[in-house]
Visitor: 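Provided herewith is a single structure, encoded as structure tokens, for subsequent inquiry.
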Amino acid sequence: MSSVLYYVIYSCAVIYYGFGLNRAYEVSRKPRKILNNAAKMFISVGIISSLTYLITTHLLVPYNLAGVYPFVAVLLFSTLSIFSETIVRITTKNSFVEYSVCVLSILLGVNESSSVFGCIGVSCLCIVSFLVLSLMISIVRQRVEGKTTLLVVSIAVIMLLTLTWNISWLSRGVIE
């Protein structure tokens, strides 16, 4: 439960690490579109983050090649994305372009986990934080109705509210 709160609210991956904030702003115009594609995001991120973690720990780390795991993650995700994009376009005539959010959540999950399940969990929680933030921006967008400046200020206030929970600079280890 603490990981869920940490990655979704306290240290929202989209705000704290900065990936996907521009996509959340763009997607907030049509929130139904992102909710329809959320299942594809979760499935692809879950599969690719587990594969990347296993390849990294069992193939790259023993040969001191752990530094190339981002390339492996991008290669695996690109392959799955092209395959699934083809199927989605043939069956539903829709496009799906949340490439950067998915890849960066996979990289964050592989970086910050110590097991396969932890990797899948962190990656999927990053996607949840993206969905929550895009829905929050959509709600604010409906309230301000076309006033872009007020919307950007509201996003900045949301960022400040979520980042005030990060009080790691108060740790005694930093002072000593």
Side-chain angles (χ1 to χ4, degrees), residues 3-56 68-89 92-113 116-142 148 151-152 154-163 165-166:
S3 294
V4 172
L5 290 176
Y6 182 75
Y7 284 104
V8 175
I9 297 172
Y10 299 146
S11 179
C12 178
V14 178
I15 292 175
Y16 190 73
Y17 295 104
F19 63 83
L21 189 59
N22 58 345
R23 288 298 303 155
Y25 177 75
E26 291 297 321
V27 167
S28 68
R29 293 181 181 160
K30 297 179 183 175
R32 291 189 192 276
K33 183 179 178 183
I34 190 67
L35 291 177
N36 291 338
N37 294 322
K40 182 184 178 232
M41 290 174 71
F42 283 117
I43 291 169
S44 61
V45 164
I47 291 170
I48 299 304
S49 62
S50 63
L51 283 174
T52 304
Y53 183 83
L54 291 173
I55 288 172
T56 302
V68 297
Y69 86 89
F71 174 71
V72 172
V74 169
L75 185 67
L76 288 172
F77 186 77
S78 297
T79 305
L80 181 71
S81 181
I82 290 170
F83 176 71
S84 61
E85 182 73 25
T86 305
I87 291 173
V88 167
R89 279 196 181 181
T92 64
K93 306 285 190 272
N94 287 336
S95 178
F96 181 73
V97 292
E98 297 307 324
Y99 185 82
S100 62
V101 175
C102 292
V103 168
L104 292 171
S105 65
I106 290 168
L107 294 177
L108 184 68
V110 172
N111 261 345
E112 295 195 5
S113 62
V116 175
F117 295 114
C119 180
I120 294 169
V122 169
S123 299
C124 288
L125 287 174
C126 291
I127 298 298
V128 169
S129 71
F130 172 74
L131 294 173
V132 167
L133 184 68
S134 58
L135 289 175
M136 286 174 60
I137 293 173
S138 174
I139 291 168
V140 171
R141 184 183 290 263
Q142 289 174 0
T148 308
L151 180 63
V152 172
S154 300
I155 293 171
V157 168
I158 292 170
M159 289 176 69
L160 286 173
L161 288 174
T162 57
L163 291 176
W165 290 100
N166 185 7

Visitor: Rounded to the nearest 0.5 Å, how far does CE of Met41 lie from SG of Cys126?
Guide: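 One gets 10.5 Å once the value is rounded to the nearest 0.5 Å.
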Visitor: What are the two closest non-hydrogen atoms of Ile127 and Ser105, and how far apart are they?
Guide: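 Here Ile127 and Ser105 meet closest at CD1-OG, 3.6 Å.
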Visitor: Looking at Ser138 and Ser134, would you say the former's side chain and the latter's main chain have a donor-acceptor pair under 3.5 Å?
Guide: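 Flag not set: sc Ser138 to bb Ser134 has no pair under 3.5 Å.
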Visitor: Give the intermediate values and the outcome of side chain to side chain contact (heavy atoms under 4.5 Å, CB included) for residues Phe42 and Val128.
Guide: CA-CA 9 Å; Phe42 283 117; Val128 169; 3.6 Å; yes
Visitor: Which heavy atom in Val122 sits nearest to a heavy atom in Glu112, and how many Å separate them?
Guide: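 Of all heavy-atom pairs spanning Val122 and Glu112, the closest is CG2-O, 4.5 Å.
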Visitor: What's the separation between atom OG in Ser44 and atom CZ in Phe83, rounded to the nearest 0.5 Å?
Guide: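 One gets 13.0 Å once the value is rounded to the nearest 0.5 Å.
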Visitor: Please name all residues satisfying side-chain hydrogen bond (donor to acceptor under 3.5 Å, both in side chains) with Thr79, sequence neighbours left out, ordered by chain then number.
Guide: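 side-chain hydrogen bond (donor to acceptor under 3.5 Å, both in side chains) check on Thr79 returns nothing, list empty.
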Visitor: CG of Asn111 to OH of Tyr53: how many Å apart, nearest 0.5 Å?
Guide: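 The OH atom of Tyr53 is 11.5 Å from CG of Asn111, to the nearest 0.5 Å.
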Visitor: Looking only at non-hydrogen atoms, find the nearest pair between Ile106 and Ser123 and report the distance.
Guide: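 Looking at all heavy atoms of both residues, the closest pair is CA-OG, 3.8 Å.
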Visitor: Would you mind telling me which of Val45, Leu51, Ile48, Leu75 makes a side-chain contact (heavy atoms from CB on, under 4.5 Å) with Leu80?
Guide: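 For Leu80, the side-chain contact (heavy atoms from CB on, under 4.5 Å) check succeeds only for Ile48.
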Visitor: Is there a donor-acceptor pair closer than 3.5 Å between any side-chain N or O of Thr52 and the backbone N or O of Ser49?
Guide: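 Pair absent, no side-chain N/O of Thr52 close to backbone of Ser49.
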Visitor: Can you sort out the partners of Leu104 under side-chain contact (heavy atoms from CB on, under 4.5 Å), two or more places apart, ordered by chain and number?
Guide: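 By the side-chain contact (heavy atoms from CB on, under 4.5 Å) rule, Leu104 matches Phe19, Leu107.
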Visitor: Between Val103 and Phe77, which heavy-atom pair has the shortest distance, and what is it?
Guide: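 Of all heavy-atom pairs spanning Val103 and Phe77, the closest is CG2-CD2, 3.3 Å.
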